[in-house]
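This one's a predicted model, so the numbers in the text were calculated from it and none came from an experiment.
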Amino acid sequence: MSDDDGDIIIFDTSILIDELRTGRHQERIRSISGLIRTSAVVLAELWRGATKPAEQEFLRTLARNHPILTPTEKNWLESGDILRKIRAARGFAPHKLRDLHFDVLIALTARSCGARLITTNRTDFEMIHHYRKLRIEIW
């Protein structure tokens, strides 16, 4: 048993979208050791775009097979503070902050349970990491 077997893993939306569209992460996902959990925010983002029956079935299976982690009240409040700091430092427009909000919630949820967040979205999650240290892995 490796040290990572008890590690909590959360896949970001970007990983699961790539997997649904192209299957390019299939081997890496299969080889992950640890406890896979699903973010309620990731599921919401995926459901928003799930138009095909196969995508919808994938999401039902994902929710059924992996416990769902939901942002806490503290996560929600902290997300607003982080976004305020990002706006002040980087001058992002309101629409960019709205786009980032779900990523901040995913990150804070992962951080709250000590999970490793796996993503392909290097730019946004490295920026969030600057404001709240996270365990991120970029694929």
Could you go through Ser112 and Asn75, starting from their C-alpha distance and side-chain angles, then the distance that decides it, and tell me whether this counts as side-chain hydrogen bond (donor to acceptor under 3.5 Å, both in side chains)? CA-CA 8 Å; Ser112 291; Asn75 294 149; 2.9 Å; yes
Kindly indicate whether the side chain of [X], heavy atoms from C-beta on, has any atom under 4.5 Å from the side chain of [Y].
X	Y	result
Ile68	Leu43	yes
Thr72	Thr109	no
Arg48	Phe102	yes
Leu69	Ile10	yes

When you look at Lys85 and Arg132, which way does the side-chain contact (heavy atoms from CB on, under 4.5 Å) test go after all the steps? CA-CA 11 Å; Lys85 290 175 181 173; Arg132 286 296 181 282; 4.2 Å; yes
Over all atoms of both residues, closest heavy-atom pair of [X] and [Y]:
X	Y	result
Pro71	Leu105	CB-CD2, 4.1 Å
Ser79	His101	OG-NE2, 2.9 Å
Leu134	Phe125	CD1-O, 4.1 Å

Working to the nearest 0.5 Å, report the span between [atom1] of [X] and [atom2] of [Y].
X	Y	atom1	atom2	result
Ile32	Arg116	CD1	CZ	5.0 Å
Ile82	Leu97	CD1	CG	12.5 Å
Ile86	His130	CD1	NE2	9.0 Å
Thr119	Asp18	OG1	CG	9.0 Å
Leu108	Cys113	CG	SG	11.0 Å
Ile36	Ile29	CD1	CD1	7.5 Å

Stepwise side-chain contact (heavy atoms from CB on, under 4.5 Å) check, Asp12 with Asp103: CA-CA 8 Å; Asp12 177 41; Asp103 288 343; 4.2 Å; yes
Does a salt bridge link Glu19 with Arg24, judged by any charged N lying under 4.0 Å from a carboxylate O?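 Looking at Glu19 and Arg24, the cut-off is not met.
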Charged N to carboxylate O under 4.0 angstrom, Asp124 versus Lys96?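 Looking at Lys96 together with Asp124, the answer is yes, because their closest N to O distance falls below 4.0 Å.
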Residue pair Arg64, Thr61: steps toward the side-chain hydrogen bond (donor to acceptor under 3.5 Å, both in side chains) verdict: CA-CA 5 Å; Arg64 195 171 42 248; Thr61 301; 3.1 Å; yes
When you measure from the side chain of [X] to the backbone of [Y], do you find a donor-acceptor pair of N or O atoms at a distance under 3.5 Å?
X	Y	result
Glu57	Pro53	no
Arg135	Leu117	no
Ser14	Thr120	yes
Glu45	Val42	no

Common cluster, Leu77/Tyr131, ILVMFWY with side-chain heavy-atom separation under 4.5 Å: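 Leu77 and Tyr131: separate clusters.
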Parallel, tilted or perpendicular: which describes the rings of Trp139 and His25, with under 30° parallel and over 60° perpendicular?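 The rings of Trp139 and His25 sit tilted, inter-plane angle from 30° to 60°.
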Checking Leu35 against Asp7 for the side-chain contact (heavy atoms from CB on, under 4.5 Å) test, could you report, in this order, the C-alpha distance in whole Å, the side-chain angles of both residues, the deciding distance, and whether it holds? CA-CA 6 Å; Leu35 305 171; Asp7 200 15; over 6 Å; no
With side-chain contact (heavy atoms from CB on, under 4.5 Å) as the criterion, how do Ile17 and Leu20 come out once you've worked through the C-alpha distance, each side chain's angles and the decisive distance to 0.1 Å? CA-CA 5 Å; Ile17 286 174; Leu20 271 169; 5.7 Å; no
Tell me if the NZ atom of Lys133 is crowded by more than 12 foreign heavy atoms within 6.0 Å.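 Atom NZ in Lys133 is packed in, count exceeds 12.
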